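Data block below; observations after.
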Amino acid sequence: MPPTYGMYAVSADINAVENVKVPLKYDFQIDLATLKETWNENSKILFVCSPNNPSGNLLDRKTIQTILDEFPGMVVVDEAYIDFSSEESWTDKLAEYPNLIVLQTLSKAWGMAGIRVGVAMADPYVIEMLDKIKPPYNISLPNQQLATEALSNEAKKNAYVEELLEERTKLITALGQLPNVRKIVPSDANFLLVAFEGAKEVFNYLIEETLIVRDRSSQLHCTDCLRITIGTKEENLELMNLLKAYLEKSVSKL
Ligand SMILES: *Cc1c(COP(=O)(O)O)cnc(C)c1O
């Protein structure tokens with residue numbers, strides 16, 4: 001349901017699986033009516049990314065519940081950003097919904113993107129099926145060790161998350177005061193989708209100053225949007241200083 005994480009379509013394409021797109025609405029929520037008109041008894045998997053990448057918002061819980069009740073195939077809820085959210089994970093509902101698969105990863109809140117380890121949680125029958133079709137090569141031993149080590153120290157992750165959430169609040173306030181910021185999408189993730197006046201120029205200026213944000217302006221409903229990852233306190237201050245310097249530079253040009 002675009003705009004969303006690109007890998008679902010990539011994986012479908014690699015496996016020569018037909019890929020049907022039902023765009024999110026302008027508020028980045030699921031268009032349930034169109035979705036229901038679009039799915040049929042041949043629909044195999046529906047990917048629901050919540051909090052959604054690149055918009056950062058949570059998808060409405062009731063809508064996901066309806067999908068779990070009515071969608072004819074498997075429903076994958078991608079919770080890569082769940083640690084940054086105030087809402088409960090869908091893992092609590094696994095016993096209730098044998099058609100539910102929940103994905104989580106060590107790549108975000110746990111800060112372990114380098115080991116590329118994530119998990120799929122589902123009904124034992126589903127896991128048994130996945131075990132049958134997965135490649136025989138397991139996650140390498142060093143990566144298993146690093147993953148279990150990280151998982152045994154949840155307090156460290158929680159401390160990362162706490163700091164990030166404080167910084168997210170501060171950054172929303174600071175960005176909101178810039179005259180060229182048109183919109184900040186409510187975020188339950190570790191990034192903000194921000195609509196700027198003249199986003200391309202802002203993006204290019206930041207690149208020149210060696211600060212990299214994501215230009216998402218070519219994605220659906222994301223015109224003039226940059227996706228800004230919440231950094232450390234120092235990184236966020238640097239970002240704000242650069243954005244203010246950019247404004248002063250553009251004013252002096254007039
Ligand atoms: C980062 C991300 C993932 C997971 O990436 P891995 O590093 O492969 O675990 C999954 N879904 C979304 C939406 C992401 O942003």
Side-chain angles (χ1 to χ4, degrees), residues 1-22 30 35 38-54 58-59 64-65 67-85 87-154 156-157 160-161 188-191:
M1 294 180 278
T4 194
Y5 189 50
M7 275 310 291
Y8 315 134
V10 170
S11 299
D13 288 345
I14 287 172
N15 289 284
V17 171
E18 188 192 355
N19 174 1
V20 180
K21 294 188 169 90
V22 178
I30 295 171
L35 189 62
T38 308
W39 77 43
N40 59 45
E41 70 282 1
N42 295 320
S43 306
K44 295 288 195 332
I45 309 180
L46 179 64
F47 282 93
V48 178
C49 188
S50 181
N52 186 46
N53 179 3
L58 275 168
L59 300 184
I64 297 177
Q65 184 115 18
I67 290 170
L68 284 165
D69 286 326
E70 300 182 21
F71 183 69
M74 300 298 301
V75 179
V76 178
V77 178
D78 185 345
E79 292 188 344
Y81 299 99
I82 194 68
D83 301 272
F84 308 108
S85 168
E87 204 173 297
E88 294 292 295
S89 162
W90 282 91
T91 47
D92 289 351
K93 300 284 179 188
L94 284 170
E96 217 172 297
Y97 292 106
N99 59 335
L100 169 63
I101 300 177
V102 179
L103 303 183
Q104 292 182 2
T105 176
L106 296 189
S107 294
K108 306 287 154 67
W110 297 86
M112 304 283 283
I115 64 171
R116 308 229 71 81
V117 175
V119 287
M121 289 167 275
D123 186 271
Y125 179 77
V126 175
I127 299 297
E128 209 179 292
M129 291 303 123
L130 289 176
D131 208 28
K132 279 188 188 167
I133 60 167
K134 81 171 185 61
Y137 318 107
N138 286 316
I139 293 166
S140 72
L141 192 59
N143 284 354
Q144 288 187 39
Q145 283 164 344
L146 287 165
T148 48
E149 200 181 299
L151 287 167
S152 68
N153 193 354
E154 200 180 355
K156 191 167 156 190
K157 184 265 295 182
Y160 287 158
V161 170
D188 270 80
N190 62 344
F191 55 81

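Note that the structure is predicted; figures quoted are calculated from it, not measured.
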Would you say the side chain of [Y] lies within less than 4.5 Å of the side chain of [X], judging by non-hydrogen atoms?
| X | Y | result |
| --- | --- | --- |
| Asp78 | Val48 | no |
| Met112 | Val117 | no |
| Leu106 | Leu146 | no |
| Pro98 | Tyr125 | no |
| Val126 | Ile101 | yes |
| Met121 | Trp90 | no |
| Gln144 | Glu149 | no |
| Ile14 | Ser11 | no |

| said: Nearest 0.5 Å, please: how far is CG in Asn19 from CZ in Phe47? | reply: 9.5 Å
| said: Rounded at 0.5 Å granularity, tell me how far SG in Cys49 sits from CD1 in Ile30. | reply: 10.5 Å
| request: Using atom types as modelled and distance alone, determine if a side-chain donor or acceptor of Asn99 lies under 3.5 Å from a backbone N or O of Leu68. | output: yes
| task | Please collect all salt bridge (Lys or Arg N to Asp or Glu O under 4.0 Å) contacts where either partner lies in residues 123-142, sequence neighbours excluded, each pair once. | result | none
| note | Of all heavy-atom pairs linking Leu100 and Leu94, the shortest is O-CD2, 3.6 Å
| request: Can you see which heavy atom on Glu88 is nearest to which on Ile82, and at what distance? | output: O-CD1, 4.1 Å
| message | Testing the 3.5 Å rule here: is there a donor-acceptor pair between the side chains of Gln104 and Tyr81? | response | no
| field | Polar side chain donor-acceptor pair, Tyr160 to Asp83, under 3.5 angstrom | value | no
| said: Tell me whether the rings of Tyr8 and Tyr5 are parallel (<30°), tilted (30 to 60°) or perpendicular (>60°). | reply: perpendicular
